[in-house]
Each structure stands twice: as structure tokens, then as C-alpha cells.
Amino acid sequence: MNRVGIEKINLYGTSMCLDLGDLAVARGKDPQKVAHDYLITTRSLNPVWEDAVTMGANAALGMLTEQDKKDIGMLIVGTEGSVDFGKPISTNIHSLIGLGPHVRNYETKFACYSGCAALDTAVNWVASGLNKGKKALVIATDFSRKHFNLLEEFVMGGVGAAYLVSETPKILEFETAKKGTWTTDIYDTFRPTAVDEVGNNEVSLFSYMDAVTGSYNEYLAQNTDTVDFNTYFSYFVYHTPFPGITYQAHRTLCRDHAPKKKPELQDDFDRRVTPALRFAKRVGSCYGASNFVGLASVLMSKPDIKEGTRIGFFSYGSGALGEFYSGKVLPGAHEIVKAQKIDEALDARRRCTVAEYEATENLRETYIENPNFVPDTSLLGGWYQKHYAGSGLVVLKEVKDFYRTYVRA
Amino acid sequence: MTKQEIVDVIKKNIADNLDDIDVKDIDPTKSMKDYGANSLDIIEVVSCSMRDLDIRIPRSELADIGNIDQLADKFLENIGKK
């Protein structure tokens, strides 16, 4: 088998954000309690001329060279926010970033596991040798729907993320033989129409904990190493529908494998989990891009991270499936991630008022399943002209008789 | 194991995980939310109780249970099952 891992990584955390403190005040809640419970400071917010296609394309374009594009032989896009039930958004993204005609591409769906489903396929393709030296571009891209005045409103967000996966990894090498999967057939959160994002959050939280337990136990069963939970993993990247859930995930695994009193648990969480939350705290719910966002966070947060450092990953998709897997950090990983200037891009987002956020989401809703519309770029104080015009960022120009036209701004 | 013993285990875990609550003040006909528990607190109480009682059932089956007494009934049904 080939070595396989991540050669490049980038995140696109949209161009606008909503401060969760502002939202808490508008909804009559305690901002400090919101910040404490969910561990989110801001959530990403798309203008109406962006969607899952633009976020995914913009994430990839931000890291690929012309040579990379020639080296790519496969593109897989994971999303639960596709803009079409038949035509995969991988086709839109394929043309927008300029890949060749022989690049196999498709879309994967499994709620928030979609990104790891895409990654898994790419990893197996490269590891098998059937890639014949080619690289795989893996994208995860998702954005929340409208949830005004609901508890879930505080755990919304969106992000596009991209990995370049190859047999010459420079960031992280996967331990392909070490993986544990757990699945069950339940309805926890789901998207039964193009408008609704529904379900039972309690069931989802409970199922998440079943999945982290079940997949980790299977990871141990598939692993020939003797695993000491306290020392085997230097960092954990747990799935983040909201960053606050990772404390419970870590507490759940600690209870079974390395019991700790509360102060010890908090110390361990701060040391081995918090570094993975850097960007999720700023974009909010990461959906299928969650593990990508977590990895970028760890590598950005730890400038002195050493070669061989093992990171444990837990991915969860409602429906439901959990997967625990691991990889080891390669030399120079921090510098590669730092060069993407992800923090700087998040700093440059336009902070919207709650009224602007509500107006944006209300307008976006009128576009869904609408056969004809032109996204209104005159809104938000000329944000399109200030930030997009001439930038090369991908935007949705128009939808005519359901045909969607995307262009570089 | 009796239902009362199960209720006592749940009460102990509620008191351990929530601030400023004494075991003797917990009424089993109430929901944990009545004592200020959020969703993650409830998961922790349920998980710790299952561990103490040596019960393994999918947590997702417990998410919609209304009060402490009903949770104890569900645990009682599953005592000894693996």
C-alpha cells in the first residue's frame, strides 16, 4: 500500500459573521452563558450570493497551484447542503477550479459524516495504488438553514474545507489500518426538504455519545497496539456540531478508559482538546468539514508540534454513523497551515448586525427552489463591491430556469 | 436490584453533576431539567448511572424520557441484559 495523507489544507469560513453575544442579547439570553455552554464566539454567515458550491470552490482555490490542478485525478465533495438532488456539486466545483476532463468526481452524503466519507474514499484510492501517482482533492462544504428563535439558532454556522490527499503527504499521514466504525438507524437531525433542517437535538446528542463510545472501542479492537488513552493520543479532534460538545465527548471516553476527577478532566481537555477548537469557535457548526477544521486548528495552535505527534479523530453523522481514526503529524505542518492565513481571513469577515443576519436569511429562503433569481449584491452596505469585486472569489451570479451560473468575481 | 436502589443511583449522579443540589431534595417525579440540567448534564447523569448499574442500552433510546422515575423504569427493564 502507498503511504497516504494530507499534503495541503485550507478553510473558507465565509465572508461575514454574526457575533453570538449580539444574538444572545437579541434573543433575551445571557451572552456569557451562551459563550460558556456552546464555546462559540462568532458564527459564519454567507451573503446570498454564496452557497455550498462557492464555499467549497473558494476553499480549494485558496490552496491549489496550477501544478496541483494537473496532479489531481479525483475530486470528492461531501455535503448535506447540496443545491441539486441529481447533479452533484462536484461538477460545478470541478469546472470552477479548472480541473481536467479525466478527473473522476462525485458528491457524498451522510449528514456531518459526509466529509469523512469523501476523505475515506480518497484515502483508500491513494493507498491502493490505483491512483497511479495522482492526487485527490477532498472538499467538505456546508451551511446552516434558518432557525430563528430556536435553541438551535446558537449552534449554526458554515464553512468550506479542502484537503489535497496524496502519497507524498506533508501535513498528516493517516494510520490507515487503525479505524473504528459504529452505526445505527435513527432519526436525530435530518434535512427532509430543501428548506427544513429538523430533528431532535437530545436524541442527536445521546446518539453522538453512543457513537464515540462504539467507534472508539472498535478502533481499539482493530489496533494491534496497546493503547493508553492518556498517552497514545497527543490531541483529539472530536466532531463539532458546536465546540461545547467536545467536552462531553472527551468526558465520555475518559470515563471508560482513563477515569479522572473533574479538575484533572478539565486540565486534560484544555491540553488535548481545546487546541482543536480554535476555528470552530469562530465559524460555528462545521458540519461535514468538522474534522478538517479541527486538524487545521490543532496545527495552527501548536507552532512547536513535533513530527510523529498522533492525533485522534472522531467524525459523527446523524442518521447515524461515528468513526474514530488517527494520523501522525509530519514536519513543517504548522508552517504550511499558517501560510494559508486562516485567522486573518476570519478576522476580515464583515460583522453583521442581528437585523442584517435576519434579512439575509429571510432573503435566502425566498431563493430556495426558486427557478429564477439574481442574488441581490446591493445589500449589506456594498459588501459585494468592497470584498468580492475583482477578488477572484467564486460567487453565484444567477439562477435561470433552475440553471445555476457561477463566476469568479 | 429494586427500583428504589436505581432511583438512588440516579439521584446521586444528579447531585454529583449539578451544582447546589442535595440528594434529599430531588423529587423523582420531576425532570432533571427542573433542577437546571442542560442536555449535556443529562447525558452525563444517564451515562454515569448506566456505568454504576452495569447497564448497556443505546443512550438515544433514553433521550425523550420525561422524568427521573421513568428513567429508573427504563433502567429496571434492562438490568441484567447485555
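Reminder, nothing fancy here: chain letters follow the sequence lines and each chain counts from 1. The figures here come from the full heavy-atom set of this structure, side chains too, leaving out hydrogens, waters and symmetry mates. Everything numeric in this text was worked out from a predicted model, so none of it was measured.
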Practice prompt. For A:Asp210 and B:Ser60, run side chain to side chain contact (heavy atoms under 4.5 Å, CB included): C-alpha distance rounded to whole Å, both residues' side-chain angles, the deciding distance at 0.1 Å, then the answer.
Written response: CA-CA 8 Å; A:Asp210 285 336; B:Ser60 56; 3.8 Å; yes
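- Crowding of A:Lys260 atom NZ: a count of heavy atoms from other residues, nucleotides or ligands under 6.0 Å exceeding 12.
- Taking CG of A:Leu151 as the reference point, atom CG of B:Asn38 lies at 9.5 Å (rounded to 0.5 Å).
- The neighbour count for B:Lys3 NZ, taken as heavy atoms of other residues, nucleotides or ligands under 6.0 Å away, is above 12.
- Here the CZ-OG distance, from A:Arg255 to B:Ser47, works out to 4.5 Å after rounding to the nearest 0.5 Å.
- Rounded to the nearest 0.5 angstrom, B:Leu40 CG and A:Gln248 CD are separated by 5.5 Å.
- Contacts of A:Arg251 with chain B are made by side-chain atoms alone, with heavy-atom separations under 4.5 Å and no backbone atom involved.
- For A:Phe233, the CZ atom counts as densely surrounded, since its 6.0 Å shell holds more than 12 non-hydrogen atoms of other residues, nucleotides or ligands.
- Enclosure of atom CG in A:Asn149 by more than 12 non-hydrogen atoms of other residues, nucleotides or ligands within 6.0 angstrom is indicated.
- Between B:Val46 and A:Phe206, the closest side-chain pair of non-hydrogen atoms falls below 4.5 Å.
- Neither the backbone nor the side chain of A:Asn201 comes within less than 4.5 Å of any heavy atom of chain B.
- Only the side chain of A:Thr213 has a heavy atom closer than 4.5 Å to any heavy atom of chain B.
- Environment of NZ in A:Lys146: crowded, with over 12 heavy atoms of neighbouring residues, nucleotides or ligands closer than 6.0 Å.
- Contact annotation: the side chain of B:Arg59 never approaches that of A:Leu205 to less than 4.5 Å [non-hydrogen atoms, C-beta and beyond].
- Between B:Arg51 atom CZ and A:Thr252 atom OG1 the span is 11.0 Å, to the nearest 0.5 Å.
- With a threshold of 4.5 angstrom between heavy atoms, B:Asn17 approaches chain A through its backbone and through its side chain.
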